[in-house]
Amino acid sequence: MARRSFIAIVGHGPDLERDEGAASVLRSLGADVRTLDLWDDPPRLFIDDESKARAIVVEALDRPDLAAAALRALRREPRLEEVGALVAVSVAQIARIEPSSGFDDFLLVPYVPAELYARVRLVEWRRSEFATEERVKVGAIVIDRAAHDVSVGGMHVPLTAKEFALLSYVCERRGKVVSRTELLRRVWGSQYEGGARTVDIHVRRLRAKLGAALPLVTLRGAGYRLESPVPGSGGPEGADAGRALQRGGAGAESHGGERGEPRDEDEDDESDEDEGGDDEGDEESDEDEDGDDEGEASARGERRSETSASTSTTTGRERRITR
């Protein structure tokens, strides 16, 4: 039996069924709508076990301070934890909407019917995940297999052939641990003679390019696991992911480190194993990166030598003066 999906409208009880309210407008557009008073228990929205919420609209109107409290109460219901939420306010209250309140978007009252439904569909899309033969969506990441294209928050992200194949495979295995050996066999093929270091290098590149939108964690001694996107950090909220990509992949990778995400086991190794003939341009890039690292290390060594020599000279002078 197919699950019945509905849009939840939460607000002040007597005002929920007014003619210009969100419930009436959405019903006129053919949507299945259920209403809930601000002070009622969220489970009352679910008439049966087959019900599923598409989106939540909290009608705060002139009281945006109540909207944040209402959303926190709604999130305590497990069936509403991952549902996209919008807050509806009057024009005079726009400045009082706090970005940290947890809402995905906002609406202005009085409603424009087409805009109301379009924003509901947009937040539903951002929060949705699906997998078909041609397309896969995980959080803000959309993989189009037919077009060999990857986008994050609507922004195109250029990937090499192996990066694309690696991303596709870990998304297919979402929530499951995949070892480096498995990735080498499924992405590079059983005839590939390179080592596990190849996987670490490509994972590092994906993290740099996709930033916080890619919740791929390292499990020491086991491999990798793709987890649920973190709300507000480039996951379901595609706009956040797009802004992170505009700021630069390196910054996103650095930000991920600050959150305490596990690093690759061999990330700090100075030498890379030969990756074979695949992605030769990428191999040269790695060599350039290693060369830059060696240059920086050499420069630091020279500076330390100069400092040591200067200190030694100064000490000798002090000894001559003392004698």
Heavy-atom donor-acceptor pair, Asp144 side chain to Arg135 backbone, under 3.5 Å: no
All pairs passing salt bridge (charged side-chain N to carboxylate O under 4.0 Å, His left out) where residues 89-100 contributes a residue, at least two apart: Asp65-Arg96
Connected-component partners of Val112 among ILVMFWY, side-chain separation under 4.5 Å: none
Check: Leu26 and Tyr117 side chains under 4.5 Å, non-hydrogen atoms: yes
Closest heavy-atom pair and its distance - Leu36, Asp41: CD1-O, 3.6 Å
Short N-O contact, Arg145 and Glu172, less than 4.0 angstrom: yes
With Phe164 via ring pair (Phe, Tyr, Trp, His ring centres under 6.0 Å) - residues at least two apart: His148
Chi angles and distances behind the side-chain contact (heavy atoms from CB on, under 4.5 Å) call for Val178, Tyr169: CA-CA 9 Å; Val178 288; Tyr169 188 74; 4.0 Å; yes
Non-hydrogen side-chain atoms of Leu214 and Leu167 separated by less than 4.5 Å: yes
Side-chain touch Glu163/Lys209, heavy atoms, less than 4.5 angstrom: yes
Closest non-hydrogen atom pair, Pro42 against Leu80: CB-CD1, 4.0 Å
Point-to-point distance, once rounded to the nearest 0.5 Å, from CG of Leu206 to CG of Leu216: 8.0 Å
Cluster link Val10 to Phe106, ILVMFWY, side chain under 4.5 Å: yes
Nearest heavy atoms of Val199 and Arg180, plus distance in Å: CG2-O, 3.9 Å
Taking every non-hydrogen atom, the tightest pair across Ala60 and Val89: CB-CG1, 4.1 Å
Side-chain H-bond candidate by donor/acceptor type, Asp19 with Ser24, under 3.5 Å: no
Charged N-O contact under 4.0 Å between Arg18 and Glu59: yes
Residues in ring pair (Phe, Tyr, Trp, His ring centres under 6.0 Å) contact with Phe46, at least two apart in sequence or another chain: Phe6
Evaluation steps, side-chain contact (heavy atoms from CB on, under 4.5 Å), between Arg207 and Thr218: CA-CA 12 Å; Arg207 284 172 172 164; Thr218 304; 3.0 Å; yes
Whether Lys137 side chain and Gly139 backbone form a donor-acceptor pair below 3.5 Å: yes
ILVMFWY clustering at 4.5 Å (side-chain atoms), partners of Ile47: none
Worked check of side-chain contact (heavy atoms from CB on, under 4.5 Å) between Tyr111 and Glu20: CA-CA 7 Å; Tyr111 300 110; Glu20 67 277 12; 6.0 Å; no
Rounded distance (nearest 0.5 Å) linking atom CD1 of Ile7 with atom CD of Glu124: 7.5 Å
Which pairs of donor and acceptor atoms, one on a side chain in residues 27-35, lie under 3.5 Å apart (sequence neighbours left out)?
{"from": "Arg27", "atom 1": "NH1", "to": "Glu17", "atom 2": "OE1", "distance (Å)": "2.9"}
{"from": "Ser28", "atom 1": "OG", "to": "Val25", "atom 2": "O", "distance (Å)": "2.5"}
{"from": "Asp32", "atom 1": "OD2", "to": "Arg4", "atom 2": "NH2", "distance (Å)": "3.2"}
{"from": "Arg34", "atom 1": "NH1", "to": "Leu45", "atom 2": "O", "distance (Å)": "2.7"}
{"from": "Arg34", "atom 1": "NH1", "to": "Ser51", "atom 2": "OG", "distance (Å)": "3.0"}
{"from": "Arg34", "atom 1": "NH2", "to": "Ser51", "atom 2": "OG", "distance (Å)": "3.1"}

Heavy-atom pair with the smallest gap, counting every atom of Leu226 and Cys171: CD2-CA, 3.7 Å
Straight-line distance of His202 NE2 to Leu166 CG, nearest 0.5 Å: 7.5 Å
Any donor-acceptor N/O pair, Arg75 side chain to Val83 backbone, under 3.5 Å: yes
Heavy-atom pair of closest approach, residues Val123 and Ala55: CG1-CB, 4.0 Å
Common cluster, Phe103/Val109, ILVMFWY with side-chain heavy-atom separation under 4.5 Å: no
Main-chain N/O of Ser90 paired with Gln93 side-chain donor or acceptor, under 3.5 Å: no
